[in-house]
> 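Okay, handing you the structure first.
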Amino acid sequence: MSSAVFAVSLPQRLRQLLATATVAAAEQGLLPRAASASEVALDRPKQAAHGDLATNLCFSLAKSAGKNPRALAEAMLPLIRAADSEGLLANLEVAGPGFVNLHLSALGWRSAVRDVLQAGNRYGQTQAGQGEKVLLEFVSANPTGPMHVGHGRGAVLGDALARILRAAGYVVSTEYYINNVGNQVAKLGESTWHWLRDDGKRQAALEQWNQGEPVAFPAGFPEGFPEDGYRGAYIAQIAQELRQDAELAGVCRAQSAWFSDASWGQAEPQNSSGRADNRAITVAAWRANLARIEQDLAVLDIRFDRWFSERSLHGLDPIGESQEMRNAVADCARRLQQRDWAYEEEGAGQDDDGNTLQGKAVFFRGTREDVPKPFRDTKDRVILRGDGRPTYFAADIAYHDDKLGRGFDHLINVLGADHHGYVSRLKGVIHALGDLRRSEGDPKADRWSGDRLEVILIQMVALLRDGKPVPMGKRSGEFVTLRDVVDEVTTAGNPHSGRDAVRFVFLTRKADAQLDFDLEVVRRSSMDNPVYYVQYGHARLASILARAAAEGKPLRDGADLSGLELDDERELALVLAEFPEVVARAAKGREPHQLAYYLMDACRAFHGYYSRHKHDARVISDDDRTTQGRLALVAALKQVIAAGLGLLGVSAPERMAELPEEQAEEPANG
RNA sequence: GCGCCCAUAGCUCAGCUGGAUAGAGCAUCGGCCUUCUAAGCCGAGGGUCGCAGGUUCGAGUCCUGCUGGGCGCGCCA
């Protein structure tokens, strides 16, 4: 065991103790075999009378032992007592149909406080993930416009998950896939081009923008602006930036007549779609959008290990470290056809106007019988269109081939729930690639298995203001961006408050539950908005430690814990003991919300302790022994709450900022 | 039509690999600031865990069917 690096928590020690007891039981013939520590389930009973911790171990062992659980538990008691070499247990008993209730000794529960202080900022870290190499892809919002709250939820969840997985011993790389190829991007380029051409309309639009007008442009759009173009004001703004961009101007001068119709249509084939296109403008436009996205993410303290460009998969940009120019999309499509995983056929496809599409398309055969049932598609899907252009799906095939080729054990994609129909198809693709690679003699072919991919689907966010939906006109391009939301819930005097509030609220729901995000509620500083509850708890703990130091009674290293003897203190010690388990559970279940709820519970326990004993048992007193014990507990709690907040990417302030006017205590009327 | 997700207190939601008498916040009502932060604490009321079966020592949790809500089933991404 590498206990030098990873602290062994109290629950771990108790599991080991119980496992040791089963070894003795097996030697005595009481059990056919011993149980391992990881098999032992420990619960916090809801009722104090049921002890500090309880195990249902005897239920799971009873069957193989051929005994009833209660009798087995009775027989196990002396063995458990004997295994308690450290003296962690004060008492234990069999209860109900076969539970074993554990009552901890003072030495036992106080050791949880010691664990935290000794491990320092490593407390909570475990090896649960066993070094598994995980690629975590999230956000991957199209660089065709600003991020909205839905993107924000996926971003925050993905980022928190990365932090939690790392703490739990996974080796994580985070990645943003840039969809910078295809119809949407071409549409962006075309929309931008129109604003570029029309200086008058653009200036008028920007004036409206600067005056805070909504983005529906009373002054109108440039002539010829496509009906299905991107209608948001940000396009005009980007056009303005590009107009002033010397490098881009140079490129376009070289092409001569940047704004002429003649320059239009010099598209990369992958990027067209029968739609007019211009390489330089389109690339500049999505880059400008992506720069905004990167900034918005940075406001939420989210950064990626790698930004992966779809263009590089098409051989339009160098791919990866090798800087090789290679059309991986076309390669994958061709190889799949060689093994009958794809085939060419005249389809019955229609374009947006309902016209039948001409030409033979290439279909991925996701319906093949040898595709495992959960991954099998109901229909073969087009990867190369009749005119040879690849679909989004084709690029995604190449992307996931690339991901696994980089040696990851496990892929996690965080997607919007509206993409759920896509998931099994993608797993089917990975299965097909595995089969393909086996036939090609790839020794690592078994890596390409459908179950290496895990998709976390994020449900919708409903944006509300005071309980009423915030109107979002998709057609008008009028919508509230993620940045708007962060700005709106940022309180005066604390630049981090918006980020903290947005992150925490997003992390108080499981991914698969829809989320109501009420701007009014999130801006409020009450328990409606639990981030302040937790941060207040942390600030209160910090202030106690600061006060103790100021009074010349600072917490000393290796403090005596014998002053801790209240039931509330025992409860808090048990809360501390749970933390590493909660982190591991949140990692394993990909559920950051477990950590958010833990922090709320921990703070509830602390606030209660603080308030109940503010008159009869204050932390700082003239009694050195109790003061040191309680300061140790306070320091341990502060450390755990700060660590937990850190894993959610939320700041842990030493003191709370002044309340803004409107939220200050009700002034006496008069 | 087929597929996926959801359904727990008036509202918004937790409930860890099935465990003992199902929890929290908000809202409602009643208390608590002379002393480490009242952004807090203490208390009260509030439930057929959508419905019906099944699995077992035990089901909010697992299985089947049904009802109600969301989403998906493109040569879009």
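When reading the values below, keep in mind they use all heavy atoms of this one structure, side chains included, and skip hydrogens, waters and symmetry mates. In what follows, every chain begins at residue 1, and chains take the letters A, B, ... in the order their sequences are listed.
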> Of the nucleotides B:C16, B:C4, B:A39, which one has an atom closest to the side chain of A:His420?
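Output: B:C4.
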> Taking only the side-chain nitrogens and oxygens of A:Arg612, find out if one of them lies under 4.0 Å from OP1 or OP2 of B:C42.
yes
> Checking all strands, does A:Tyr597 fall into the base, sugar-phosphate, or nothing category for heavy-atom contacts under 4.0 angstrom?
sugar-phosphate
> Name all residues meeting the side-chain hydrogen bond (donor to acceptor under 3.5 Å, both in side chains) criterion together with A:Lys510; count only those two or more places apart in sequence or in a different chain, and write none if there are none.
none
> I want to verify a distance call: between B:C6, B:C36, B:A14, whose nearest atom is closest to the A:Lys510 side chain?
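So the nucleotide nearest the side chain must be B:A14.
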> Looking only at side-chain atoms of A:Ile620, point me to the closest of B:G72, B:C36, B:C42.
B:C36
> Of the listed nucleotides (B:C75, B:A24, B:A20), which one gets closest to any side-chain atom of A:Thr391?
B:C75
> Can you spot which of A:Asp500, A:Val522, A:Val489 makes a side-chain contact (heavy atoms from CB on, under 4.5 Å) with A:Val531?
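Only one of A:Asp500, A:Val522, A:Val489 forms a side-chain contact (heavy atoms from CB on, under 4.5 Å) with A:Val531, namely A:Asp500.
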> Which nucleotide, B:C5, B:C41, B:C57, lies nearest any side-chain atom of A:Phe59?
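Selected nucleotide: B:C57.
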> Any stacking of A:His419 on B:G72, going by centres under 5.5 angstrom and planes within less than 30 degrees?
no
> Is any side-chain nitrogen or oxygen of A:Asn142 closer than 4.0 Å to OP1 or OP2 of B:A77?
no
> What integer number of Å spans the P atoms of B:C62 and B:U8?
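Each nucleotide's P atom is 15 Å from the other's.
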> Using heavy atoms to find the nearest nucleotide of RNA chain B for A:Gln184 and A:Leu545 separately, return the residue whose nucleotide is more 5′.
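Result of the comparison: A:Leu545.
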> Starting at CG of A:Asp52 and ending at P of B:A20, how long is that distance when rounded to a whole Å?
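Rounded to whole Å, this separation is 17 Å.
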> Just confirming the chi classification of B:C62, syn or anti, using 90° around 0 as the syn window.
anti
> Who passes ring pair (Phe, Tyr, Trp, His ring centres under 6.0 Å) against A:Phe59, sequence neighbours left out?
A:Phe99
> Report the nucleotide, chosen from B:U35, B:C16, B:G19, that has the shortest atom-to-atom distance to any side-chain atom of A:Phe99.
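Nearest to the side chain of A:Phe99 among the choices is B:G19.
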> Tell me, please, which residues at least two apart from A:Tyr399 pass side-chain hydrogen bond (donor to acceptor under 3.5 Å, both in side chains).
A:Glu175
> When you check the phosphate oxygens OP1 and OP2 of B:A77, does a side-chain N or O of A:Lys187 lie under 4.0 Å from one of them?
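Looking at the OP1 and OP2 atoms of B:A77, neither is under 4.0 Å from any side-chain N or O of A:Lys187.
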> Can you tell me if A:Lys614 touches the phosphate of B:A38, counting only side-chain N or O atoms and a distance under 4.0 Å to OP1 or OP2?
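Affirmative; the distance criterion is met.
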> Nearest whole Å is fine: how far is B:G25 P from A:Leu515 CG?
20 Å
> Partners of A:His50 by side chain to side chain contact (heavy atoms under 4.5 Å, CB included), sequence neighbours excluded?
A:Pro45, A:Gln47, A:Asn101
> A:His607 near the nucleic acid: base, sugar-phosphate alone, or nothing, with a heavy-atom cut-off under 4.0 Å?
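Touches sugar-phosphate only.
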> Going 5' to 3' along nucleotides 58-65 of chain B, which nucleotides have protein heavy atoms under 4.0 Å from the base (write B), which only from the sugar-phosphate (write S), and which from neither (write -)?
--------
> Can you tell me, in whole Å, how much space there is between the P of B:C5 and that of B:U48?
27 Å
> Taking both distances under 3.5 Å as the test for a Watson-Crick or G-U pair, what stems of at least three pairs does RNA chain B have?
B:1-5 with B:69-73, B:10-13 with B:23-26, B:28-32 with B:40-44, B:50-54 with B:62-66
> Scan residues 578-586 of chain A against RNA chain B and write down, sorted by residue number, each residue with any heavy atom closer than 4.0 Å; if none is found, say none.
A:Arg585
> Atom CG of A:Asp516 to atom P of B:G70: distance rounded to whole Å?
14 Å
> Indicate, with a heavy-atom threshold strictly under 4.0 Å, whether A:Asn101 touches base, sugar-phosphate, or nothing.
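Result for A:Asn101 = base.
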> Taking only residues two or more places apart in sequence or in another chain, which ones pass ring pair (Phe, Tyr, Trp, His ring centres under 6.0 Å) with A:Tyr609?
A:His613
> Give the rounded distance in Å between these two atoms: CD of A:Gln459 and C1' of B:A7.
13 Å
> How is A:Tyr422 classified with respect to the nucleic acid when contacts are heavy atoms under 4.0 Å: base, sugar-phosphate, or nothing?
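If one applies the 4.0 Å heavy-atom cut-off, A:Tyr422 turns out to touch a base.
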> Which part of the nucleic acid does A:Asp518 contact within heavy-atom distance under 4.0 Å: base, sugar-phosphate only, or nothing?
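Counting heavy atoms under 4.0 Å across all strands, no contact is made by A:Asp518.
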> Anything under 3.5 Å between a donor and an acceptor, one on a side chain of residues 583-598 of chain A, the other on a protein residue two or more places apart or in another chain? List them.
unit_1   : atom_1 : unit_2   : atom_2 : d
A:Arg585 : NE     : A:Gln594 : OE1    : 3.3
A:Arg590 : NE     : A:Glu454 : OE1    : 3.1
A:Arg590 : NE     : A:Glu454 : OE2    : 2.9
A:Arg590 : NH1    : A:Ala587 : O      : 3.1
A:Arg590 : NH2    : A:Glu454 : OE1    : 3.0
A:Glu591 : OE1    : A:Gln594 : NE2    : 2.7
A:Tyr597 : OH     : A:Thr508 : O      : 3.2
A:Tyr598 : OH     : A:Val575 : O      : 2.7

> What is the nucleic acid contact for A:His593, judged by heavy atoms within less than 4.0 Å: base, sugar-phosphate only, or nothing?
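Sugar-phosphate contact only - A:His593 comes under 4.0 Å of backbone atoms but never of a base.
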> Tell me what A:Ala62 touches on the nucleic acid: a base, only sugar-phosphate, or nothing, going by heavy atoms under 4.0 Å.
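No contact.
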> Over all strands shown, is A:Gly386 touching base, sugar-phosphate only, or nothing at heavy-atom distances under 4.0 angstrom?
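It contacts base atoms.
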> Does a side-chain N or O from A:Tyr533 land closer than 4.0 Å to OP1 or OP2 of B:C41, or not?
yes
> Can you tell me which residue pairs pass the salt bridge (charged side-chain N to carboxylate O under 4.0 Å, His left out) test with a partner in residues 41-53 of chain A, sequence neighbours excluded?
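As it turns out, the salt bridge (charged side-chain N to carboxylate O under 4.0 Å, His left out) pairs with a partner in residues 41-53 of chain A, which skip direct neighbours, are A:Arg44-A:Glu571, A:Arg44-A:Glu578, A:Asp52-A:Arg570.
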> When you measure from the centre of the six-membered ring of A:Phe363, is the NZ or CZ of A:Arg381 closer than 6.0 Å and no more than 45° off the axis?
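Relative to the ring axis of A:Phe363, which defines the angle, A:Arg381 lies outside at least one limit.
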> Need one value for A:Arg618: base, sugar-phosphate or nothing, where a base atom within 4.0 Å counts as base even if backbone is also close, heavy atoms only.
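Here A:Arg618 touches the bases of the nucleic acid.
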> For A:Arg381, which contact category applies under a 4.0 Å heavy-atom criterion: base, sugar-phosphate, or nothing?
sugar-phosphate
> Please report the C-alpha distance between A:Phe517 and A:Phe506 in whole Å, then the side-chain angles of each, then the deciding distance to 0.1 Å, and finally whether the ring-ring contact (aromatic ring centres under 6.0 Å, His included) criterion is met.
CA-CA 8 Å; A:Phe517 190 101; A:Phe506 280 151; 5.5 Å; yes
> Taking only the side-chain nitrogens and oxygens of A:Arg385, find out if one of them lies under 4.0 Å from OP1 or OP2 of B:A77.
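Affirmative; the distance criterion is met.
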> Taking the six-membered ring of A:Phe375 as reference, does the cationic atom of A:Arg425 (NZ for Lys, CZ for Arg) lie under 6.0 Å from its centre and within 45° of its axis?
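No, A:Arg425 does not lie over the aromatic ring of A:Phe375.
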> Under 4.0 Å, heavy atoms only, any strand: does A:Gln514 hit a base, just the sugar-phosphate, or nothing?
sugar-phosphate
> Quick check for you: to the nearest 0.5 Å, what is the distance between A:Asp518 atom CG and A:Arg465 atom CZ?
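A:Asp518 CG to A:Arg465 CZ: 9.0 Å, rounded to 0.5 Å.
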> Can you sort out the partners of A:His538 under ring pair (Phe, Tyr, Trp, His ring centres under 6.0 Å), two or more places apart, ordered by chain and number?
none
> Could you tell me which residues satisfy side-chain hydrogen bond (donor to acceptor under 3.5 Å, both in side chains) with A:Gln459, sequence neighbours excluded, listed by chain and number?
none
> Here's a test of your reading of the structure: between A:Val619 and A:Gly96, which maps to the more 5' nucleotide of RNA chain B?
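The residue closer to the strand's 5' end, by nearest nucleotide, is A:Gly96.
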> Checking all strands, does A:Ala548 fall into the base, sugar-phosphate, or nothing category for heavy-atom contacts under 4.0 angstrom?
nothing
> How are the rings of A:Tyr422 and A:Tyr392 set to each other: parallel, tilted or perpendicular (split at 30° and 60°)?
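Plane angle between 30° and 60°, so tilted.
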